[in-house]
There are 2 protein chains.
Amino acid sequence: MLPELDPLLHSQLRLAVISILIGSDEADFVFLRKATGATAGNLSVQIEKLREAGYISVEKSFRGKMPRTTCQITPEGVTAFENYVEALQNYLPK
Amino acid sequence: MLPELDPLLHSQLRLAVISILIGSDEADFVFLRKATGATAGNLSVQIEKLREAGYISVEKSFRGKMPRTTCQITPEGVTAFENYVEALQNYLPK
DNA sequence: TAAATTTGGTTCATACTATAAACTAGTTTA
DNA sequence: TAAACTAGTTTATAGTATGAACCAAATTTA
């Protein structure tokens, strides 16, 4: 029987965020927004969901006088992504 | 920028159905139900969505006296799946 | 320096999606 | 013939995704 696909990762935007964070060590809100093409509102919500789940950590700081939200994937996030990719392989052609 | 993932295919159950149909030439409702572990109601709805989209064809017949619903992937379904898989590759580690 | 615009977000209402419970229609079994 | 089973469909609800509207501060423009 086909394995479950972690619903938290099986969402286009959240998957995109995690995919980017796996590749680059960290990324800020503005970068993620441009890289994904998402609206700020949607991105804000999905980042919060990933944070709640413990898949990413979010740090708020200032770059000069402007606020900055930086995201990093956590070890749990890495594991979850690896599991997701492995499960997904079962749905894809060999 | 990351490509869009066809929302019709980016759904666990519909993806499972298409994935099975790509592999086997045709499959009936009962088989799909067991192979996916889905409830009949959910499967019925998702099959109808795939049919509406033209990704699968659905044929109703009788095996003896019992009704039988058989599904087959269409050429459009094959193309859509191929495109989906290609788009998805951009989200996965190389 | 006051007003307008931009930046970097968050909140929230709504639209969309997935899901299973309840139902239908018929068949088999006891 | 009544109970239980098969093969589904319909439908109500819960969950999810999305962008419009908002906010506060910074920057630009006039």
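Quick caveat, the model's predicted, so the values are computed rather than measured. By convention in this document, chain letters (A, B, ...) are assigned in the order of the sequence lines, proteins followed by strands, and residues within each chain are numbered from 1.
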Enquirer: So do the side chains of Leu21(A) and Gln72(A) get within less than 4.5 Å of each other, counting heavy atoms only?
Expert: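 The answer is no; the side chains never approach within 4.5 Å.
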
Enquirer: Within a 6.0 Å radius of atom CD on Glu86(B), are there more than 12 heavy atoms belonging to other residues, nucleotides or ligands?
Expert: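 Open: at most 12 neighbouring heavy atoms sit under 6.0 Å from CD of Glu86(B).
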
Enquirer: May I ask you to say what Arg33(B) touches in the nucleic acid, namely base, sugar-phosphate or nothing, with a heavy-atom cut-off under 4.0 Å?
Expert: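 The residue Arg33(B) makes no contact with any strand.
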
Enquirer: Please determine, for the side chain of Phe29(B), which listed nucleotide (dT27(C), dG8(C), dG8(D)) has the closest atom?
Expert: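 Within the option list, the nearest is dG8(D).
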
Enquirer: Could you check whether Gln46(A) gets within reach of a base, just the sugar-phosphate, or nothing at all, counting any heavy atom under 4.0 Å?
Expert: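 Base contact - Gln46(A) has a heavy atom under 4.0 Å of at least one base atom.
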
Enquirer: Are any non-hydrogen side-chain atoms of Val30(B) and Thr69(B) less than 4.5 angstrom apart?
Expert: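 Of all side-chain heavy-atom pairs linking Thr69(B) with Val30(B), none is under 4.5 Å.
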
Enquirer: Please report the distance, rounded to the nearest Å, between CG in Leu43(B) and C1' in dA20(C).
Expert: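 Checked: the CG to C1' distance equals 13 Å.
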
Enquirer: Considering non-hydrogen atoms only, spot the tightest contact between Tyr91(B) and Pro3(B) and give its length.
Expert: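 Shortest heavy-atom contact: OH-O, 2.6 Å.
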
Enquirer: Can you tell me the distance, in whole Å, between the CE atom of Met66(B) and the C1' atom of dA4(D)?
Expert: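 The distance from CE of Met66(B) to C1' of dA4(D) comes to 12 Å, rounded to the nearest Å.
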
Enquirer: Of all the nucleotides listed (dT10(C), dA7(D), dT9(D)), which has the minimum atom distance to the side chain of Ser44(A)?
Expert: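 Nearest nucleotide to the side chain: dT10(C).
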
Enquirer: Scan Val30(B) against the nucleic acid and name what it touches under 4.0 Å (heavy atoms): base, sugar-phosphate only, or nothing.
Expert: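 Since only primed, P, OP1 and OP2 atoms lie under 4.0 Å of Val30(B), the category is sugar-phosphate.
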
Enquirer: Just how far, in rounded Å, is P of dT18(D) from NZ of Lys49(A)?
Expert: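 Atom NZ in Lys49(A) sits about 9 Å away from atom P in dT18(D).
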
Enquirer: Can you identify which nucleotide, out of dT17(C), dA7(D), dT10(C), has its nearest atom closest to the Lys60(A) side chain?
Expert: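 For the Lys60(A) side chain, the nearest candidate turns out to be dT10(C).
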
Enquirer: Which listed nucleotide (dG9(C), dG8(C), dT17(C)) is nearest to the side chain of Arg14(B)?
Expert: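 Closest nucleotide to the Arg14(B) side chain: dT17(C).
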
Enquirer: Output the rounded distance in Å from CG (Leu5(A)) to P (dT16(D)).
Expert: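 Roughly 15 Å, once rounded to whole Å.
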
Enquirer: Would you indicate which nucleotide in dA18(C), dA7(D), dG8(C) comes nearest to any side-chain atom of Pro67(B)?
Expert: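 Of dA18(C), dA7(D), dG8(C), dA7(D) is nearest to the side chain of Pro67(B).
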
Enquirer: I want to check something: taking the side chain as every heavy atom from C-beta on, are Cys71(A) and Phe29(A) in contact at a cut-off of under 4.5 Å?
Expert: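 Not in contact.
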
Enquirer: Which nucleotide in the list dG8(D), dT27(C), dG9(C) gets nearest to the side chain of Ala40(A)?
Expert: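 The listed nucleotide nearest to Ala40(A)'s side chain is dG9(C).
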
Enquirer: Under 4.0 Å between a side-chain N or O of Thr39(A) and OP1 or OP2 of dT18(D)?
Expert: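 No, Thr39(A) has no side-chain N/O under 4.0 Å of OP1/OP2 on dT18(D).
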
Enquirer: Whole Å only: how far is the CG atom of Leu15(A) from the P atom of dT18(D)?
Expert: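 Taking atom P of dT18(D) as the reference, CG of Leu15(A) is at 12 Å.
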
Enquirer: Can you tell me how far C1' of dA17(D) sits from CD of Glu4(B), to the nearest Å?
Expert: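 Rounding to the nearest Å, CD of Glu4(B) and C1' of dA17(D) are 13 Å apart.
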
Enquirer: Would you say Lys65(A) places a side-chain N or O within less than 4.0 Å of OP1 or OP2 belonging to dT6(C)?
Expert: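 Answer no for this pair, as no side-chain N or O of Lys65(A) is under 4.0 Å from OP1 or OP2.
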
Enquirer: Below 4.5 Å, heavy atoms only, C-beta onward: do Tyr55(A) and Lys49(A) meet side chain to side chain?
Expert: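 Answer no - side chains too far apart.
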
Enquirer: The side chain of Asn42(B) is closest to which nucleotide in this list: dG8(C), dG8(D), dA20(C)?
Expert: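 Of the options given, the side chain of Asn42(B) lies nearest dA20(C).
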
Enquirer: So if I take every side-chain heavy atom of Arg63(A) and compare against dA7(D), dG8(C), dA20(C), which nucleotide ends up nearest?
Expert: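 Selected nucleotide: dG8(C).
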
Enquirer: Identify which nucleotide among dG8(D), dT19(C), dG9(C) has an atom closest to any side-chain atom of Leu13(B), counting heavy atoms from C-beta outward.
Expert: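 The closest nucleotide is dT19(C).
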
Enquirer: Would you mind reading off the distance between Leu32(B) atom CG and dA7(D) atom P, rounded to a whole angstrom?
Expert: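 My rounded result for the distance is 13 Å.
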
Enquirer: Please report the distance, rounded to the nearest Å, between CG in Leu8(B) and P in dA17(D).
Expert: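 Atom CG in Leu8(B) sits about 16 Å away from atom P in dA17(D).
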
